[in-house]
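Structure, as structure tokens:
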Amino acid sequence: MATRTTERTSDSRSNSRKAAASGWIGSALEYYDWFVYAQAAALVFPSIFFPEGNATVALVSSLGTYAVGYVARPIGAILFGHYGDRHGRKNVLVLAMLLMGFSTFAVALLPTYHQAGLLAPVLLVLLRFVQGFAVAGELSGASAMIAEHAPFGRRGYYTSFSLHGTQAGQIIAAAVFLPLSAVLSDQAFDSWGWRIPFLLSAVVVFAGYVIRRRVEETEVFTKAEDTPTRAPFVQVMRESGTDVLRAICMTLVNVIGVVVSVFGAAYATQSGYGIEMSKSVYLWIPVVANLVALPFIPWFASLSDRFGRRPLMIVGALGSGLLSFAYLWSVSRGDVVLTIVLAILTWGIFYQICNATFAAYYQELFPARTRVTGFAIAQNVGLTITAFLPSIFTLAAPPGSANVPLVIGGLCLGINVIAAIAAWSARETHRVPLEVLGEKDAVPMPREEFERLRSEAR
């Protein structure tokens, strides 16, 4: 009996690690692809995929193709959520990764506007739509797979590796683009150099496919298959609609990334605001902030296993919201060093308290039969709302405005207060056993027993 127990424990730990590795590499690939496109849309797509003559129209059109990906995300959330809850976490992860890899690799092979005319931007928009569709299923499926394989008391820590992968993907994207743009001439980069980051995605797709095929389907999903639901979307909205709304509101904490790297970049560098920092500062801020975030993500996730999800979500939202005032004030002074330090504190540390926690928390709010759907809808609807915030902030504080730090900082803090209230109103889940997660009347395990099991799972 002892030997069998030891074997099961060993198998369980192996599956936990495989699931975490699968989530990490898949998320890294998906978000590498996502941010490679974002950088190319700003740097090269306006001049090669759109007609010459009006640089502003070309830039707006190029960034519009980037926005198409966000429009596709809620659609992908519903369909991938349905697939993941009906056919398994493993299957949805493989499908999402292959779709993302195919669409990204295909971008590298596209003809330019000079070669194919209007067909070039049409194909670019279509592939961006596929990217947005695919990325909607990645994090929800990956974190479900990890959470359901994770040892009890360590769900937060293990699930955070999917978020760790998203940060790594952003860093890798920048690490590939920056040297190419520095080494190659502008002509060579615009001609063929920009295609290299897109082609490289094929290597990671192959590695990710091999890893994901080796991960076993989770036991909790296999049991849930005995009572399948025909329409997970309908069921999750009927049974867990308030939790979907809470998770959407908590997702709005992503306004921090908008304030620091999107609106913050425009405020710091556009001549209309009168500050005119070097644009290179804002090429490096996301890289440095994400590098700082990497060691903090698993640490904050472990704290959420120990102290609970709600306290960390509330502290992260309110702390980063308050720091946004100081960050924007440092930009208004043109103080580069202070701006970088506060960007790291705001985005690289305090925001990461929420970022490290939400993947486990959202999974724990929903039962197994609608878990992927609930997570996917909440996260992607929240992110789609956040995608429109740069335009709203620009209307609220256009170039030439006074008191920009107060206006935009106030909006940011207000949005984060909504996220904190949503977290406060949600039930605590970190001590609830996996089998009864999502049930409104689920009883948390006694703290002493929880701590004992958690210590054994290390």
Side-chain angles (χ1 to χ4, degrees), residues 7-35 80 84 88-101 104 134-135 137-173 175 200-222 290-291 293-302 304-305 352 355-360 362-363 371-372 375-376 434 454 457-458:
E7 288 174 354
R8 284 198 299 270
T9 302
S10 178
D11 289 343
S12 176
R13 287 176 179 168
S14 177
N15 281 325
S16 298
R17 290 167 184 155
K18 285 179 184 177
S22 166
W24 190 94
I25 196 168
S27 295
L29 165 68
E30 298 265 6
Y31 282 84
Y32 166 83
D33 290 348
W34 189 255
F35 285 99
F80 274 107
R89 294 31 169 150
K90 177 178 177 177
N91 291 327
V92 76
L93 287 176
V94 171
L95 179 60
M97 187 176 63
L98 290 177
L99 269 178
M100 177 62 94
T104 304
V135 80
E138 168 58 37
L139 197 58
S140 56
S143 54
M145 172 74 81
I146 299 171
E148 292 173 357
H149 271 305
F152 185 60
R154 302 278 283 165
R155 284 194 300 254
Y157 172 77
Y158 274 87
T159 307
S160 74
F161 280 92
S162 59
L163 274 304
H164 201 273
T166 67
Q167 309 303 122
Q170 296 176 54
I171 294 168
I172 295 167
L200 289 175
S201 67
V203 178
V204 189
V205 167
F206 177 76
Y209 177 79
V210 171
I211 291 174
R212 287 195 162 170
R213 293 302 299 175
R214 295 175 59 189
V215 180
E216 296 180 11
E217 189 54 81
T218 66
E219 184 178 348
V220 71
F221 169 76
T222 304
N290 282 317
L291 281 171
L294 288 179
F296 279 103
I297 289 173
W299 185 60
F300 287 140
S302 289
S304 80
D305 283 330
Q352 299 305 327
N355 197 39
T357 305
F358 88 89
Y362 291 11
Q363 296 295 343
R371 182 164 292 145
V372 178
F375 185 114
L434 179 65
R454 182 172 176 269
R458 293 184 182 277

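Only this structure's heavy atoms are used, side chains among them; waters, hydrogens and symmetry mates stay out.
- Side-chain contact check for Leu139 versus Phe358: some heavy-atom pair is nearer than 4.5 Å.
- Nearest approach of Leu93 to Gly141, heavy atoms of both residues: CD2-C, 3.4 Å.
- Thr159 and Ser143 get closest at one heavy-atom pair: CG2-CB, 3.5 Å.
- In this structure, the ring pair (Phe, Tyr, Trp, His ring centres under 6.0 Å) partners of Tyr157, at least two apart in sequence or on a different chain, are Phe161.
- Note that OG1 of Thr357 and CD of Gln352 are 10.0 Å apart. Values are rounded to the nearest 0.5 Å.
- Between Thr166 and Leu163 there is a side-chain heavy-atom pair separated by less than 4.5 Å.
- With sequence neighbours left out, Ser27 forms a side chain to side chain donor-acceptor pair (under 3.5 Å) with Glu138.
- By the side chain to side chain donor-acceptor pair (under 3.5 Å) test, Arg89 is found to be paired with Asp85, Glu148, residues two or more places apart in sequence or in another chain being considered.
- With sequence neighbours excluded, no residue forms a ring pair (Phe, Tyr, Trp, His ring centres under 6.0 Å) with Tyr158.
- Of all the heavy atoms in Asp305 and Arg155, the pair that sits closest is OD1-N, 3.6 Å.
- By the side chain to side chain donor-acceptor pair (under 3.5 Å) test, Gln170 pairs with Asn290, sequence neighbours left out.
- Proximity of a side-chain donor or acceptor of Arg371 to a complementary backbone N or O of Gln363 within less than 3.5 Å is detected.
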> When you look at Phe80 and Ser140, which way does the side-chain contact (heavy atoms from CB on, under 4.5 Å) test go after all the steps?
Replying inline: CA-CA 9 Å; Phe80 274 107; Ser140 56; 5.8 Å; no
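- For the atom pair CG of Leu294 and NE2 of His164, the computed distance is 4.5 Å after rounding to the nearest 0.5 Å.
- Across all non-hydrogen atoms, the minimal contact from Ala359 to Phe375 is O-CE1, 3.5 Å.
- The minimum heavy-atom distance between Phe300 and Ala356, with the atom names listed, is CB-CB, 3.7 Å.
- To the nearest 0.5 Å, atom CE of residue Met145 and atom OG of residue Ser162 are 12.0 Å apart.
- The two residues Ala301 and Gly156 make their nearest non-hydrogen contact at CB-O, 3.3 Å.
- In terms of the side chain to side chain donor-acceptor pair (under 3.5 Å) criterion, residue partners of Thr104 (sequence neighbours excluded) are, by chain and number, Asp33, Gln131.
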